[in-house]
Amino acid sequence: MKKYAVILLFMLGFGLAQPTATGTGGAAATVDALATRAAMDILAQGGNAIDAAVAAAAVLGVTEPYSCGIGGGGFMVIYLAKDKRVVTIDHREVAPAYFNPSVFNGPNGQPLPFAERVNSGLSVGVPGTVKGWEEALARYGSLSLGRVLQPAIRVAQQGFTVDATFAAQTQANLQRFRYFTSTSALFLPGDNVPAVGSTFRNPDLARTYLLLASGGSRAFYTGPLAQAIVNTVNNPPIAPGVTANIRPGRMTLADLANYEVRIRQPIVSSYRGYTLYGMGLPSSGGPTIALALNLLEGFDLKALPRERALHLYLEASRLAFADRNAYMGDPEFLDAPLAGLLSKKYAEERRKAIGERAAEGSVQAGDPYPFQQDPSAPLRPRAQTQRWEGESTTHLTVSDKEGNIVSYTFTIESTGGNAMVVPGYGFLLNNELTDFDATVPHPNSPEAYKRPRSSMSPTLVFRDGKPVLALGSPGGATIITTVLQTLINVLDFGMPIDQALAAPRLSQRNLQTTGVDGGFERSPEAQALLGLGHRWAPTAEIGALTAIAFNPDGSVTAAAEPVRRGGGAAAVERSR
Ligand code: GLU
């Protein structure tokens, strides 16, 4: 039996995984074959979608350690079929008690260079993932944390096969991984990038998961593991001879012990008869997507020539980002004018700003206050300096035969987080606090106990009370445009989900240029759009989406990327 399991893991590890699967019963789509397999195994053992999602996430913590893991945080959007309701679990990282608006400034008062912010103890938010998993299981799961961690413990012990993506990500991090003794010991065996095809084991992480399996989140947020996190943040394990300026943080045991997840209302919006449930603040994902769709609802996209429809998509996204950048942040710290921003009347007004040609560069935020119930609210728009926003992260999508659905995005922010492995525990710490804005005052300025604004956009779409689509993606701020564009591809252009997610991506975020991948800049539509003033910034790839489509005939289609990030893995309980 054990041998069989090992052979199966081996085969899946070698890319026999399918990016698309259609059938009945439960389904899963992740970026990784072993994670998808873990989700399906848990479903087969009688677990529900919530159990399966945590199992898959824990495996991703092993096989995608640069994108996600217990050193970070995330957002889970859950549909509970029996109750017919959607809940969201915010387990975003929180700034420690010592944090303040000038924490990222150097001695001269100037903001520190970005790399010095990332590779520091300052950028580490109190991780939320373990409490997020525990809370999801306790409230909505059917199995224990100890049980759903089993597949991940096995993968960490037995290892996974290093693929080209893992090797390339390690290579890209080579220099900063060498800054820290614990990190090079784990990820640079023999001081080098692990060879493609070799087996990568993480026995420390296996032991950490075993600790959580028996001790629950207490074993993470208190005791020796909590102490090890605090030590790493405050006294980074810098290798001898490193000259880079690596600043410590000042996290305390109390910061860890006090961490809390938040159960939040989803952002509910409508688009052409569909109902969308998105992640609310502190993620800007849900509101920004809703805002852009409200703008687009005024145009019959499917009846327009494709380049015209794409022009409208880009300009709607530009306007939505202007408002996102100006108004959104942690809802416990500011009263963002969401009612106004998300009203259809505001969209009617704001839509007038979409021209026949691309706007030149960045546009100003709109004024949603007349559309609020109380138009006197004090927050005024804040211009935001454009800054780099991550490209790490991972998204997974799981459903079960009872109809429960989980759309889950989680991250450690940059690929490789802050580059510090907690010595002896086998996981990287996040640099999530670089998601704060350096501009002060700003809705997203750094403050103690605050959660930095996110772009993560786990999303569910319904029609007439029935699920239609669950989806999400990594990619920093491009997460928002990736999810938005995929929604339009499906809901407006009628593309099947596998084609919708494989299509070239266009990402306009209120910038001079539009990011494009998949060779879009060479397409006839791209040429036509140049004539309207659009400018392209071609890039290797944008996002890595996973989704489940609930088909009208009662079947489900799970879908992952065929190419981006080396391709993902989709599975269904009974395939067709
Ligand atoms: N930190 C980012 C966010 O929360 C996600 C990072 C990424 O996707 O690279 O929006």
Side-chain angles (χ1 to χ4, degrees), residues 31 57 60 64-69 71-77 88-95 104 114 117-118 123-129 132 165 169 172-173 262 264 278-289 320-321 324-325 328-331 384 386-396 407-419 428-437 443-444 446 450-459 471-484 505 507 509 515 517 539-546 561 564-565:
V31 300
L60 291 170
E64 299 278 322
Y66 308 146
S67 296
C68 61
F75 298 99
M76 199 183 280
V77 175
T88 77
I89 302 182
D90 164 358
H91 51 285
R92 181 74 160 167
E93 298 90 331
V94 172
F104 286 129
F114 187 69
R117 274 181 270 162
V118 174
S123 65
V124 185
V126 180
T129 294
T165 307
Q169 289 177 340
N173 275 301
R262 294 280 188 268
R264 297 194 192 274
M279 191 66 225
L281 298 174
S283 183
S284 61
T288 308
I289 289 170
F321 264 87
R324 165 205 184 258
N325 294 348
M328 295 184 198
D330 185 338
Q384 186 199 40
Q386 289 300 338
R387 67 199 164 84
W388 187 89
E389 294 182 69
E391 57 191 18
S392 174
T393 313
T394 195
H395 180 81
L396 61 99
S407 189
Y408 181 29
T409 317
F410 74 127
T411 188
I412 55 171
E413 181 17 40
S414 292
T415 306
N418 86 334
L428 283 158
L429 289 172
N430 70 82
N431 63 301
E432 213 69 53
L433 304 186
T434 60
D435 272 358
F436 281 122
D437 271 83
N444 188 38
K450 195 174 179 180
R451 299 176 189 220
R453 184 188 62 210
S454 171
S455 300
M456 291 189 267
S457 308
T459 305
L471 74 169
S473 176
T478 70
I479 292 172
I480 292 171
T481 57
T482 294
V483 172
L484 178 63
R505 295 207 172 108
S507 181
R509 305 185 306 283
D517 76 357
T539 173
E541 49 182 53
I542 299 174
L545 195 127
T546 68
E561 298 283 350
R564 294 185 185 95
R565 293 237 186 139

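Indexing begins at 1, ligand by ligand and atom by atom, following the structure's order. Reckoned from all heavy atoms, side chains included, excluding hydrogens, waters and symmetry mates.
Residue-to-ligand polar distances keep I479 apart from ligand 1: every N/O pair is separated by 3.5 Å or more. For ligand 1, the polar-atom distance check finds no N/O of P474 at less than 3.5 Å from any of the ligand's N/O atoms. For the pair T411 and ligand 1, the shortest N or O to N or O distance does not fall below 3.5 Å. Checked by distance only, ligand 1 and E413 come closer than 3.5 Å through their nitrogen or oxygen atoms.
Taking 4.0 Å as the cut-off between side-chain N and carboxylate O, D435 and R92 count as a salt-bridged pair. Using a 4.0 Å cut-off between charged side-chain N and carboxylate O, D330 and K450 make no salt bridge.
The ligand atoms of ligand 1 that sit less than 4.0 angstrom from a heavy atom of M456 are 4 (O), 10 (O). Those atoms of ligand 1 with a heavy atom of G476 less than 4.0 angstrom away are 7 (C), 8 (O), 9 (O). Near D435, the atoms of ligand 1 lying under 4.0 angstrom from a non-hydrogen atom of the residue are 1 (N), 2 (C), 3 (C), 4 (O), 10 (O). The ligand atoms of ligand 1 that sit less than 4.0 angstrom from a heavy atom of E432 are 1 (N), 2 (C), 4 (O). Atoms of ligand 1 found under 4.0 Å from any heavy atom of G475, numbered from 1 in the order shown, are 8 (O). Per-residue contacts place S455 under 4.0 angstrom from the following atoms of ligand 1 (heavy atoms of the residue considered): 3 (C), 4 (O), 10 (O).
Side-chain contact annotation: R505 with S507, donor-acceptor N/O pair under 3.5 Å absent. Residues H395 and S473 have side chains that never bring a donor and an acceptor to within less than 3.5 angstrom of each other. Side-chain contact, S123 with N418: no donor N or O sits under 3.5 Å from an acceptor N or O.
When non-hydrogen atoms are compared, ligand 1 lies under 4.0 Å from neither the backbone nor the side chain of H395.
Contact between R92 and ligand 1 is present, with at least one heavy atom of the residue lying under 4.0 Å from the ligand.
Taking all atoms of both residues into account, the shortest heavy-atom contact from E93 to E432 is OE2-OE1, 2.8 Å. Nearest heavy atoms, R324 versus S455: NH2-OG, 2.9 Å.
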